Structures are given as structure tokens and as C-alpha cells.
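In this text the structure is predicted, and so the values were computed from the model without any measurement.
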Amino acid sequence: LFFFFQAEDGIRDVERSRGLGDVYKRQVSTQSTWGLTINLMRYLFLALLALLANAGTDYIVELNDGNFKQYIQSHPFVMVKFFNPGCSNCKAMAPEYDKVAATVANTKRPYIIAELQVSTNENTANEQGISHLPALKLFIKGMPVDFMEDRSAGTMLRFIDTSFKKYFSSHELLTSAEITEKVAMKESHAILVCDSTETIDLFNGISIKFESILFYHAGSKVGQEAFPEIKQVPALVLLKDYDDHKIIYTGSMAQDKLLSFIKLNSRPWVTEFNQENVGLLFKPTGNKGVILFRKPGTPEAKQIEAEFKEVARIEKAADFIFILADIKDGMGQKLSKLLGVTEKTLPYVAIIETKQKFEKSPFQGKINTEEMLKFVQEWKQKNSPKSKSDLQITIYY
């Protein structure tokens with residue numbers, strides 16, 4: 001930052017004076033001298049404010065369609081803000097994001113803070129599925145993780161720091177005794193049995209997407225000794241304290257396949273609709289779900305819940321959730337009003353979709369496993385794109 005000033009030459013003799021400074025000097029009174037000083041201080045103050053306002057922007061990397069893919073692949077931890085200059089919410093968040101960039105640079109954290117203007121880089125924005133602004137994604141070796149929390153500088157920094165620590169904790173290599181200990185624990189664990197450094201690296205990148213699952217890996221020999229049912233490696237073992245206790249996957253070790261497998265099997269078959277879980281259905285990217293309203297605690301409700309859970313076990317899918325709701329519960333009560341459910345219409349089953357707009361498909365048949373399963377499968381066949389799965393899964397109860 002440069003400042004240029006024109007000052008007096010200090011010559012008071014009119015005959016001896018020379019230069020622009022002295023020409024100006026002849027016209028300066030004591031009052032105007034004070035005016036010059038005040039103006040100078042004002043300019044300095046404004047320049048200082050500008051300097052502080054741009055403190056974080058000096059540390060933000062500008063990405064575009066041309067360099068985006070190469071950059072996020074060649075840098076392990078990159079936080080990217082997707083924005084437009086005219087977006088009011090983007091402007092409001094900008095100072096906080098600048099603070100993040102300045103803090104990361106000043107504390108020498110091993111992250112990159114970057115941004116991409118959507119209006120001039122539409123190809124990248126479309127590829128990343130940007131549907132609202134501003135949008136924040138953390139890229140870990142090219143894999144995106146959406147940031148959906150409070151957009152204060154402190155929260156953003158904690159998110160990046162936590163993700164960084166979780167990524168490197170998943171590098172822990174387990175012994176046979178440690179695997180036995182994990183199996184006995186009432187926690188969710190994902191254990192990769194593998195000797196390939198490349199596959200382990202992909203596995204580690206997935207770990208930050210799952211807050212409730214602890215990630216580890218074991219060598220092929222140790223892993224097969226601990227899990228004799230593994231007939232080929234690499235393999236992924238998912239341990240849970242609910243539903244299926246142990247699930248072994250031996251399919252493709254591509255990152256998207258591993259991610260799909262864990263998503264598919266990491267949550268309970270049936271979820272209660274409450275304040276904690278409302279985000280599963282009403283998330284920004286939308287979702288699809290089968291919901292059952294019933295009167296909890298009654299013999300009829302228990303029978304229906306068992307039938308509903310069986311449908312969920314058969315039809316579980318990463319983007320299709322099964323939900324139990326109570327018409328008198330806080331969040332359930334709000335949803336019942338949205339769906340038009342009353343005590344007279346209980347029990348009530350419907351498929352709801354929240355992606356682009358809220359849509360419902362009420363179930364009209366007899367509420368049992370066979371009829372509900374037929375209803376779900378027919379709806380999926382009609383509304384879901386056809387796709388083939390190469391998942392190879394063995395389930396152990």
C-alpha cells in the first residue's frame with residue numbers, strides 16, 4: 001500500500017522560493033494548514049480501514065473452471081466458497097470467511113481457503129451441484145464435504161480443524177487384540193482390511209463424512225485372522241450396535257462405492273422423526289422417505305411398527321429413509337399438519353419427497369409387510385432412475 005504526499009518546501013522568502021511546494025505555501029494560512037492535517041489524518045484512517053477490510057482476501061485463492069479440478073486434487077485440504085458478487089447473503093458472510101483465511105494463514109494451518117464465482121464459472125458450479133449461495137464445501141483430496149453449519153468464522157474453523165484431525169486419526173493401524181476390542185464395543189466402527197496404500201488413502205478421505213463412525217484399518221493377514229469370514233481382500237467391515245451387527249463388503253474399492261456402502265448401512269433401518277433427525281428428511285439437497293404415523297404404545301402400533309421395520313430392512317437405501325412419527329410430538333405434530341394427518345386417519349403411511357418441492361403419495365392399502373413393500377417398490381420403479389448396483393455384501397446378525 002503506497003501513499004503519495006505533496007508538502008511545503010519550507011522556504012518563507014517569496015523571492016527565493018521555487019517549486020510547486022512554495023507556490024502552494026504562499027497561499028496557506030494557519031487555518032488551511034490545520035485543514036490539510038485533518039484531511040491527511042482522514043485519508044490515513046480510511047486507508048487503514050481498507051487495509052483491515054482486505055486482510056483476509058490476500059489469503060484467499062481464486063479458482064475458476066480452468067484450474068478447479070487440478071487444484072483440489074493437488075492440495076489435500078481446500079475449503080471453497082461458491083458465491084456471486086451481487087448476492088446479499090454472500091456479502092454478509094464475506095467478512096467471516098476473510099477472518100478464516102487470515103487465521104489459517106497466520107497460524108500456518110495446512111489448509112487452503114479458496115473461492116469460486118459462480119456466475120463466471122457455471123461449469124464447475126453445475127458439476128458441484130451448487131443450488132444456493134453462498135455454498136461452502138471442504139475438499140479432502142478432491143472429495144467434497146458440504147458445510148451446513150453456522151457461518152461464523154469460529155464454526156468454520158472448527159469444522160475444518162475437526163475434519164483434519166478425523167482424517168488423520170483414521171490412519172490408525174489395528175492389531176488383532178484391538179480389533180477384538182472394537183467388535184465388543186457398543187459403537188459404530190468401519191475397519192478396512194487392506195494392504196494397498198492407495199485404497200487406504202481413499203478410505204481415509206471418506207472418514208470425515210461420518211461423525212458417528214470411527215474409522216480404522218488393518219493389514220490383510222491380521223484382518224482375516226480377526227474376521228475368518230473374509231474370503232478375499234480388500235474388504236470393509238462395518239460394525240454397529242443396532243440392526244445388523246456386522247456387515248462385510250468385498251466389492252469395488254472405488255471411493256464412491258465405499259461411500260455408498262457406508263451410507264446405505266450406517267443408519268438404523270427406521271428413524272424416529274424428532275428435532276434431532278428432522279434434517280435427514282428436510283435437508284437442502286432433499287430426500288425421499290416412507291413415513292408411518294401411529295399411536296405409540298398401543299398393541300396395534302407395535303404390530304404395525306414390526307411390519308414397517310421389516311419393509312425398511314428389505315428396502316433400505318442411502319437416499320430413501322423410513323420414519324416413525326407421533327401426531328402429538330412436537331416435530332411430528334408439525335409434519336402431520338403439513339400432510340393433513342389427524343387422529344381419525346391413523347395409522348397413516350405415505351411416501352414423501354422434499355427435493356424440489358414437497359410431494360406426498362399416501363398409501364391406500366392394508367398396512368402389512370407385503371402390501372407396504374409392494375407400494376414402496378412400485379413407487380420407486382415409477383419415480384427413481386434405473387441403476388445397477390455391484391455391492392457384494394454379507395450380513396451377520
Open item on the list: How about CD on Glu370, more than 12 heavy atoms from neighbouring residues, nucleotides or ligands closer than 6.0 Å, or not?
Closed with: no

Open item on the list: Test of understanding: with side chain to side chain contact (heavy atoms under 4.5 Å, CB included), list the residues that count as partners of Thr199, not counting sequence neighbours.
Closed with: Leu192, Cys194, Ser196, Met253

Task: Carboxylate-amine/guanidinium contact Arg109 Asp161, below 4.0 Å - done: yes

Open item on the list: Regarding Lys302 and Glu305, does a basic nitrogen lie under 4.0 Å from an acidic carboxylate oxygen?
Closed with: no

Task: Main-chain N/O of Ala153 paired to Glu96 side chain as donor or acceptor, under 3.5 Å - done: yes

Task: For Pro76, side chain to side chain contact (heavy atoms under 4.5 Å, CB included) partners two or more places apart - done: Lys141

TODO: Could I get the full list of side chain to side chain contact (heavy atoms under 4.5 Å, CB included) partners for Lys366, not counting sequence neighbours?
DONE: Asn368, Glu371

- [ ] Indicate yes or no for a side-chain donor-acceptor contact from Ser336 to the backbone of Gln333 under 3.5 Å, with no hydrogens or angles considered.
- [x] yes

Open item on the list: If you apply the rule salt bridge (charged side-chain N to carboxylate O under 4.0 Å, His left out), what do you find for Asp326 with Lys295, and how did you get there?
Closed with: CA-CA 7 Å; Asp326 182 356; Lys295 291 182 180 180; over 6 Å; no

Open item on the list: Strictly distance-based, threshold 3.5 Å: is any side-chain N or O of Tyr97 a donor or acceptor partner for the main-chain N or O of Ala114?
Closed with: yes

- [ ] In plain terms, say whether Glu300 and Arg294 are close enough for a salt bridge, that is, a side-chain N and a carboxylate O under 4.0 Å apart.
- [x] no

Open item on the list: Test salt bridge (charged side-chain N to carboxylate O under 4.0 Å, His left out) on Glu127 and Lys69; report intermediate values, then the result.
Closed with: CA-CA 10 Å; Glu127 288 174 1; Lys69 288 182 180 178; 3.7 Å; yes

Task: Ile247 vs Lys240, side-chain contact (heavy atoms from CB on, under 4.5 Å): CA-CA, chis, key distance, verdict - done: CA-CA 9 Å; Ile247 308 175; Lys240 303 183 293 181; 3.9 Å; yes

Open item on the list: I'd like to check the ring pair (Phe, Tyr, Trp, His ring centres under 6.0 Å) partners of Phe308; sequence neighbours left out, ordered by chain and number.
Closed with: Phe322

TODO: Return the set of residues passing ring pair (Phe, Tyr, Trp, His ring centres under 6.0 Å) with Phe159 (not counting sequence neighbours), or none when no residue passes.
DONE: Phe147

Task: Electrostatic pair Glu149:Arg158 at N-O distance under 4.0 angstrom - done: no

Open item on the list: For Phe210, give me all partners under ring pair (Phe, Tyr, Trp, His ring centres under 6.0 Å), at least two apart in sequence or on another chain.
Closed with: none

Task: Donor-acceptor contact present, side-chain Asn67 to main-chain Asn64, <3.5 Å - done: yes

